[in-house]
Amino acid sequence: MRILVAIVLLSTTILAQQKTAPAPGPARPLNLPKITEKRLPNGLTVVLAPLPNVPKMTSILTFKSATTASDRSAHPGIAQIAASVANEGTDTRTSKQIKEELRSIGGTLSLGSDADSTSMNASALSEFSTTLFDLMSDVAQHPSFPETEVKLAQENTIQQIRAGRADPGFLANERFQKAVFGNHPYGFVVPDEKSISALTQADLKAFVSKYYIPNAAHLIVVGDIDVDKTFAEVEKAFGSWKSGTVPPDENPPVPQREKRQIYFVNRPGSIQSAIYVGNASIPRKDKDYFAIRTADTIYGGSFYSRLTRNIRETKGYTYSPFSSSNTRAKTGSFMAGAFVRNEVTGPTLLEMFYELDRMRVLPVTDEELSAAKEYSTGNFSVELASQFGLASRINSVYTFDLDKSFINDFRPKIEALTTSDIQKAAAKYFDTYRAAIVIVGDWDKVKDQVTPFGEVTMYDAEGNVVTR
Amino acid sequence: MPPQNSPDFPAMALLVQILQGDDSSRWYQRLVKEKELTLDLSGGLNYFGNEFDYTGPMIMTTRTTYKLGHTADEVLREMDAVVAEITSKGVTEKEIADAKVRYRSNFYSQLESSFGKTHLLSALALFRDNPQQINSLLAPFESVTAAQVKAAAAKYLVATNRTVIDRVPETKSEE
């Protein structure tokens with residue numbers, strides 16, 4: 001691979017003297033690679049996209065049935081532990097052999113699970129594609145869950161959860177998910193220690209054979225590849241994988257919130273309050289996806305946002321406030337957050353709600369909207385320039401059953417948004433009237449500032465309701 | 001670490017891969033898997049950057065979190081034992097070949113995004129006045145031999161050339 005270098009010293013000198021940044025030029029066309037979809041007889045969907053920016057390849061294998069909800073009543077948290085141990089040994093390879101084989105192809109292979117799927121992310125130099133597919137296929141079909149590796153993962157997970165319970169950010173997020181999603185699997189963040197310790201090798205093997213099945217999976221391959229040759233390699237590696245019975249969807253409906261409420265996690269001695277405010281929103285497929293995403297960018301989802309300008313730049317309450325629109329298969333959430341010193345806990349809530357309501361009642365400015373559009377579409381283009389970025393976007397199209405034209409439509413759909421679209425989305429989803437307010441902090445220090453905002457339920461760090 | 005223009009430098013960079021480049025590496029396997037002393041292990045030559053985006057002296061760093069009931073001395077003893085194996089017996093031909101593949105793969109990953117590529121070009125322009133070098137940076141690493149890696153271990157990975165920081169959190173008084 002040759003990389004062409006062109007340096008114009010003269011223009012660098014001129015730029016250095018210029019006082020104001022030049023205006024961005026017009027958006028250049030997105031030159032997306034051709035995306036080819038195929039299917040194996042066992043039901044595995046295979047999606048291939050050549051992106052030869054470097055002589056490497058990235059592949060994502062997603063199991064759509066292996067979610068937080070899967071097997072949740074018998075074994076809470078099993079999807080997480082299965083994902084973290086699956087690449088630590090198969091029937092024919094030890095953990096060390098897998099790592100050494102990956103090393104010999106310049107490769108990586110790891111799994112992670114969330115509320116909507118379990119994904120295996122893998123990469124390698126593209127000259128070693130057959131070895132990579134062979135490893136992926138072996139890990140998907142024959143993980144052996146060696147006792148020592150399971151024990152190690154159990155111990156490490158328990159340690160991580162204990163460390164999390166000492167972290168206000170972890171506690172605020174956990175309480176927020178439970179407040180918004182209740183007993184729905186989306187409200188699940190981490191299992192309790194007893195459930196983790198109870199998992200056995202047999203449980204994990206049974207889980208994988210039931211939920212890691214080709215007819216509820218898709219394989220995305222992006223990189224320096226030839227579509228026909230790569231598909232033949234995929235057929236060879238994954239063709240004998242036996243299909244299974246797709247388990248029924250185990251997700252119940254999301255509970256509806258009736259009123260604004262405060263969920264206070266008491267940590268006596270805290271000098272800061274961790275504040276999360278938000279509500280359930282929309283599924284990933286919803287037509288309002290683009291509007292709420294852009295409303296979020298303007299509200300608190302970017303550095304130029306209203307929340308940042310207000311409580312960071314003007315008032316100095318916090319270093320980095322944030323907000324995010326998280327959309328999932330069944331529903332999503334919108335959330336704003338900040339970590340502030342005790343004395344400004346109430347004033348921060350006041351400004352968060354003020355900015356939310358301002359977006360619901362008044363249109364955003366044209367300048368704000370066009371900056372948000374440039375931010376979103378620019379980031380999108382940067383994302384698609386990398387193999388993993390493009391693979392992830394294609395993966396989400398298949399995980400969430402989005403229109404196949406989603407990637408092509410992204411920019412025009414963002415660009416078509418009007419200030420009225422943003423206001424309507426904010427009015428509908430920035431539901432301040434029924435917001436969940438989560439605060440992790442010292443109750444005695446901040447109670448007088450927060451009680452005006454709603455009824456309070458108090459919790460300890462373990463998640464138990466406690467009386468005030 | 002040897003200076004970037006030293007003939008020892010590419011051998012040292014591959015030795016870093018072999019010791020701590022990934023989960024198959026000698027230190028990771030010894031500490032996390034075999035002895036189960038630590039939870040994790042990461043590090044590198046110029047830990048927060050790469051082999052090219054600095055000028056002047058540089059250190060190799062390793063960061064690992066040891067489990068409750070163990071000590072930093074135990075961790076160091078195992079790390080030293082791994083280095084001693086390399087200084088006495090060297091590394092295998094397979095290890096050196098794999099380290100080159102791993103190195104090449106990581107190098108390409110860095111060039112994948114326009115930011116990564118720009119960053120490397122700017123470092124080469126700034127520190128070496130020669131951004132064209134981006135096209136030939138890999139070459140010296142491809143010709144490293146196992147004997148050079150063994151020699152680099154003996155020359156640079158010595159106790160007198162090392163600083164250890166053992167960070168132990170204060171014990172919390174009961175509330």
Side-chain angles (χ1 to χ4, degrees), chain A residues 1-7 9 12 51-58 87-88 94-110 123-128 146 148-149 151-152 155-157 159-160 162-163 166 223-224 267-269 381-390, chain B residues 17-18 21-26 28-30 32-40 65-68 92 94-118 120-122 124-126 129-138 169 172-173 175:
Chain A
M1 187 192 56
R2 293 287 298 170
I3 295 151
L4 295 175
V5 178
I7 303 271
L9 280 171
T12 321
L51 183 64
N53 51 0
V54 287
K56 294 192 68 171
M57 56 182 289
T58 290
N87 65 347
E88 297 289 356
T94 64
S95 165
K96 197 176 173 193
Q97 281 170 333
I98 293 174
K99 314 297 176 201
E100 286 179 352
E101 225 168 313
L102 286 168
R103 182 180 76 193
S104 73
I105 61 172
T108 56
L109 189 159
S110 63
S123 71
L125 288 166
S126 37
E127 66 203 78
F128 301 115
T148 51
E149 299 293 348
K151 202 174 131 265
L152 199 60
E155 282 169 9
N156 291 355
T157 308
Q159 293 278 346
Q160 280 160 11
R162 284 184 191 164
D224 188 4
R267 279 182 92 232
S381 301
V382 170
E383 217 181 297
L384 297 184
S386 83
Q387 296 182 359
F388 182 73
L390 178 61
Chain B
Q17 287 296 321
I18 291 168
D22 58 29
D23 291 0
S24 76
S25 65
R26 290 200 181 203
Y28 183 91
Q29 284 292 327
R30 178 69 62 93
V32 179
K33 293 291 185 178
E34 288 163 32
K35 301 288 173 184
E36 296 186 19
L37 279 175
T38 70
L39 286 170
D40 52 16
T65 316
Y66 57 87
K67 295 182 186 175
L68 223 59
T92 66
K94 171 81 176 142
E95 273 179 305
I96 192 86
D98 284 358
K100 288 176 188 175
V101 172
R102 170 68 73 201
Y103 194 81
R104 181 155 57 94
S105 183
N106 290 350
F107 182 74
Y108 290 150
S109 289
Q110 191 196 330
L111 298 183
E112 219 199 313
S113 71
S114 36
F115 177 77
K117 203 183 293 177
T118 311
L120 187 53
L121 285 169
S122 68
L124 295 172
L126 181 64
D129 197 19
N130 187 4
Q132 295 283 354
Q133 271 194 13
I134 196 167
N135 295 312
S136 54
L137 280 179
L138 271 182
K172 244 188 177 174
S173 56
E175 278 163 24

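First the proteins, then the strands, lettered A, B, ... as listed; each starts at 1.
Of all the heavy atoms in A:G106 and B:S105, the pair that sits closest is O-OG, 2.7 Å. For A:L125 against B:V101, the heavy-atom pair with the smallest separation is CD1-CG1, 3.5 Å.
Of the atoms belonging to B:E95, heavy atoms from both backbone and side chain fall under 4.5 Å from chain A. Both the backbone and the side chain of B:S109 come within contact range of chain A, with heavy atoms under 4.5 Å apart. Residue contact with chain B, scored on non-hydrogen atoms closer than 4.5 Å, involves the side chain of A:E88 exclusively. Only the side chain of A:S95 comes within contact range of chain B, with heavy atoms under 4.5 Å apart. With a threshold of 4.5 angstrom between heavy atoms, A:E383 does not approach chain B through any atom at all.
Counting only heavy atoms from C-beta outward, the side chains of A:P55 and B:R104 never approach each other to under 4.5 Å. For the pair A:N156/B:K67, a side-chain contact is recorded, criterion being any heavy-atom separation below 4.5 Å from C-beta on.
Taking the charged nitrogens against the carboxylate oxygens, B:D98 and A:R103 do have a contact shorter than 4.0 Å, which makes a salt bridge.
A donor-acceptor pair under 3.5 Å is absent between the side-chain atoms of B:R102 and the main chain of A:I105, judged by distance alone. With B:E112 contributing its side chain and A:Q387 its backbone, the two residues share a donor-acceptor pair below 3.5 Å.
Scored by the ring-ring contact (aromatic ring centres under 6.0 Å, His included) test, B:Y103 finds B:F141 as partners (sequence neighbours excluded). Taking the salt bridge (charged side-chain N to carboxylate O under 4.0 Å, His left out) definition, one finds that A:E149 meets it with B:K33, sequence neighbours left out.
The candidate with the highest count of non-hydrogen atom pairs below 4.5 Å against chain B, out of A:A385, A:G107, A:G389, is A:G107.
With values rounded to the nearest 0.5 angstrom, B:Y108 atom OH is found 14.5 Å from A:S123 atom OG.
With respect to B:D23, the side chain to side chain contact (heavy atoms under 4.5 Å, CB included) criterion is satisfied by exactly one of A:E100, A:K96, A:K99: A:K99.
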